[in-house]
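Counting convention: from 1, in listed order, for ligands and their atoms alike.
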Amino acid sequence: MAEVIAFTNQKGGVGKTTACAAFCGGLNEAGYKVLAIDLDPQGNLSFSLGADIEDCNTMYDVFKGVCTAKEAIQCTDTCDVISANILLSGCELELTGVGREYLLREALAAVSDDYDYIIIDTPPALSVLTINAYTATNKLIIPMIAEILSLQGIAQLKETIFAVKKYYNKELEVSGILLNKYNPRLLLTKEVEELASMIADQLGTRILDTRISANVVLAEAPAHGVSIMEYAPRSKATTEFKRLIAEITGIDNGVKSPRTAKSKRGRRKKSE
Ligand SMILES: Nc1ncnc2c1ncn2[C@@H]1O[C@H](COP(=O)(O)OP(=O)(O)O)[C@@H](O)[C@H]1O
Ligand SMILES: [Mg+2]
């Protein structure tokens, strides 16, 4: 059975799609079989991974029961993908049946054994799509950027996560808050970090040790339809995302997480 990791935040522009694409690329490079699920009607993840969004089966067709998950899978250079387009935005009104929160989980159960990881990108909203993502997921990662406005609306996010955990998916775990476009030299960053730390406490989670710096290659990669690992393999962004993947999954992909590095230094000091 695949481990399912979803990236969520009802704010747009915080790096959900960027992180999803990087995870797909990094896990693929480490030799794992990955399925990417695009749950955003904007189809940004599909585009970033070079998948079709027109004239093909998409997540909308899967939700509507027109096809199975297997029938909607496309193979790209980075990983397998079930893409999304604007039709998906109709789901909020069109999916009215009992058990609509479980549709994604059920659809993925049929293909889960074919993959090591399933990576889900979510829309900038707390909708039936988001609830389907939370219900189908083992681990949630919440990307944020170091701006005060990016921290607004977290109470609502917390309520949704806690409700899904209570009613639909007891296994749901918030792995942590991911600080994106991180610049430790800015005073504002420190203030936002303190606030983010309080939010993490409320969510029963932590700020992830790995932070992602602002880096133009992350904005460039999607236009080439390949992940950052392929587009800029030697960039700082690639190293940071590999470190993040190691922190979340425990995969040894040749980079040390800051925490491991720190504790090793600490141990050496003690024995000296
Ligand atoms: N660390 C980063 N450095 C530079 N640009 C970034 C970074 N993270 C995201 N971006 C850019 O910011 C924009 C929003 O990111 P995106 O991943 O689409 O956010 P979301 O999916 O949360 O809406 C995109 O243009 C993306 O390329
Ligand atoms: Mg997005």
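- Aromatic rings from Tyr168 and Tyr134 are positioned such that their centres are separated by 6.0 Å or more.
- Not a single N or O atom of Asn44, backbone or side chain, sits closer than 3.5 Å to an N or O atom of ligand 1.
- Side chain of Glu240 to backbone of Ser213: a donor-acceptor contact under 3.5 angstrom is found.
- Less than 4.0 angstrom separates some heavy atom of Gly12 from each of these atoms of ligand 1: 23 (O).
- Checked by distance only, ligand 1 and Pro222 stay at 3.5 Å or farther apart across all their nitrogen or oxygen atoms.
- For a threshold of 3.5 Å applied to N or O pairs, the pair formed by Val14 and ligand 1 contains at least one separation below that value.
- Comparing heavy-atom distances from atom 4 (C) of ligand 1 across Leu45, Asn215, Leu218, Val216 singles out Asn215 as nearest.
- Residue Gly13 places at least one N or O, backbone or side chain, under 3.5 Å from an N or O of ligand 1.
- Distances between N or O atoms of Ser213 and those of ligand 1 include at least one value under 3.5 Å.
- There is a protein heavy atom less than 4.0 angstrom from atom 9 (C) of ligand 1.
- Enclosure of atom CD in Gln202 by more than 12 non-hydrogen atoms of other residues, nucleotides or ligands within 6.0 angstrom is indicated.
- In terms of polar-atom proximity, defined here as any N/O pair under 3.5 Å, Thr17 does make such a contact with ligand 1.
- For atom 25 (O) of ligand 1, the nearest protein heavy atom is 4.0 Å or more away.
- Tally of protein N, O or S atoms closer to the Mg ion (ligand 2) than 2.8 Å: 1.
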